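Report on one structure; see the data block that follows.
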Amino acid sequence: MSEEEGLEKTSAQLPSASNASAEPTALSQVEQRIAKANSPQEALFWTQIRGEIIKQNEVIKEGKQGRFIQNIQIWRRIGVSVAALTIGLVLFINGSTEAGLLVLGAFLYELAPDLVKETFSGRDKGKEDD
């Protein structure tokens, strides 16, 4: 077995973007152009383009993950608010007025926007300390 045949078998076993789907993607087209490059400069150019495509794909994945995390935070906030409202009302109706009002305060605090929280906490963002 010659050295070239060993390299062909090794390169055939490596996964590539073109094996991932039947239709050609931008990444697979760039990989084909790298393979068919006539000069090292052309191969370098297409390799840089491939790197940029990979970076863009990562940015897209990070954006999707960020939106997923935001959705989880919203649902957590809603869940805590509903639980606090329910518990506060039950405590208030059963005669534990102070405890019920405290838990209802937690409900309102969780629903209040950050701007309202800052306003009622006495902090002013517009004023700078000298």
Side-chain angles (χ1 to χ4, degrees):
M1 183 184 287
S2 71
E3 197 173 313
E4 291 177 14
E5 290 174 346
L7 288 176
E8 288 176 14
K9 287 183 181 180
T10 306
S11 64
Q13 293 172 352
L14 293 174
S16 68
S18 59
N19 292 341
S21 64
E23 65 183 51
T25 61
L27 193 58
S28 65
Q29 290 175 354
V30 169
E31 287 175 351
Q32 289 172 1
R33 289 191 180 210
I34 291 171
K36 295 177 184 177
N38 295 329
S39 66
Q41 290 82 15
E42 185 180 355
L44 176 65
F45 173 75
W46 287 112
T47 303
Q48 290 172 345
I49 296 213
R50 181 180 181 273
E52 290 297 321
I53 291 172
I54 291 172
K55 283 181 191 176
Q56 289 175 0
N57 289 343
E58 289 299 319
V59 167
I60 291 170
K61 286 179 186 178
E62 288 174 5
K64 287 180 182 178
Q65 182 180 10
R67 285 188 297 277
F68 178 72
I69 290 172
Q70 287 176 347
N71 285 339
I72 288 175
Q73 289 174 344
I74 289 170
W75 284 107
R76 180 207 52 89
R77 196 173 234 179
I78 290 171
V80 168
S81 297
V82 168
L85 176 65
T86 304
I87 293 170
L89 288 176
V90 168
L91 287 172
F92 189 77
I93 291 171
N94 286 336
S96 300
T97 308
E98 292 86 11
L101 290 175
L102 179 70
V103 176
L104 286 173
F107 157 72
L108 293 174
Y109 182 81
E110 189 65 31
L111 283 184
D114 294 333
L115 181 62
V116 175
K117 289 179 186 177
E118 289 177 10
T119 302
F120 286 115
S121 68
R123 285 185 264 151
D124 248 348
K125 261 191 160 178
K127 295 181 181 176
E128 292 182 17
D129 295 332
D130 290 306

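Quantities reported herein were computed from a predicted structural model and do not represent experimental measurements.
- To the nearest 0.5 Å, atoms CD1 (Ile87) and CG (Leu102) are separated by 11.5 Å.
- Annotation: the span from Arg76 atom CZ to Ile69 atom CD1 amounts to 13.0 Å, rounded to 0.5 Å.
- Taking NZ of Lys64 as the reference point, atom NZ of Lys61 lies at 9.0 Å (rounded to 0.5 Å).
- Across Leu44, Ile49, Thr47, a single residue satisfies side chain to side chain contact (heavy atoms under 4.5 Å, CB included) together with Ile34, and that is Thr47.
- Cluster membership for Leu108 and Val103, using ILVMFWY side-chain heavy atoms within less than 4.5 angstrom, is not shared.
- Leu85 and Leu91 sit in two unconnected hydrophobic clusters of ILVMFWY residues. Membership requires side-chain heavy atoms under 4.5 Å apart, directly or through other members.
- Atom CG of Asn57 is separated from atom CG of Leu27 by 7.0 Å, given to the nearest 0.5 angstrom.
- Residues Glu52 and Lys55 are paired through a salt bridge, judged by an N-O separation under 4.0 Å between the basic side chain and the carboxylate.
- Considering OG of Ser28 and CZ of Arg33, their distance stands at 11.0 Å, rounded to 0.5 Å.
- Using a 4.5 Å heavy-atom cutoff, the side chains of Trp46 and Glu42 are in contact.
- Ile74 is connected to Val82 through a chain of hydrophobic side-chain contacts under 4.5 Å among Ile, Leu, Val, Met, Phe, Trp and Tyr, so both are in one cluster.
- A continuous path of hydrophobic side-chain contacts links Phe107 to Leu89 [ILVMFWY only; heavy atoms under 4.5 Å].
- Atom CZ of residue Phe68 and atom CD of residue Gln73 lie 11.0 Å apart, to the nearest 0.5 angstrom.
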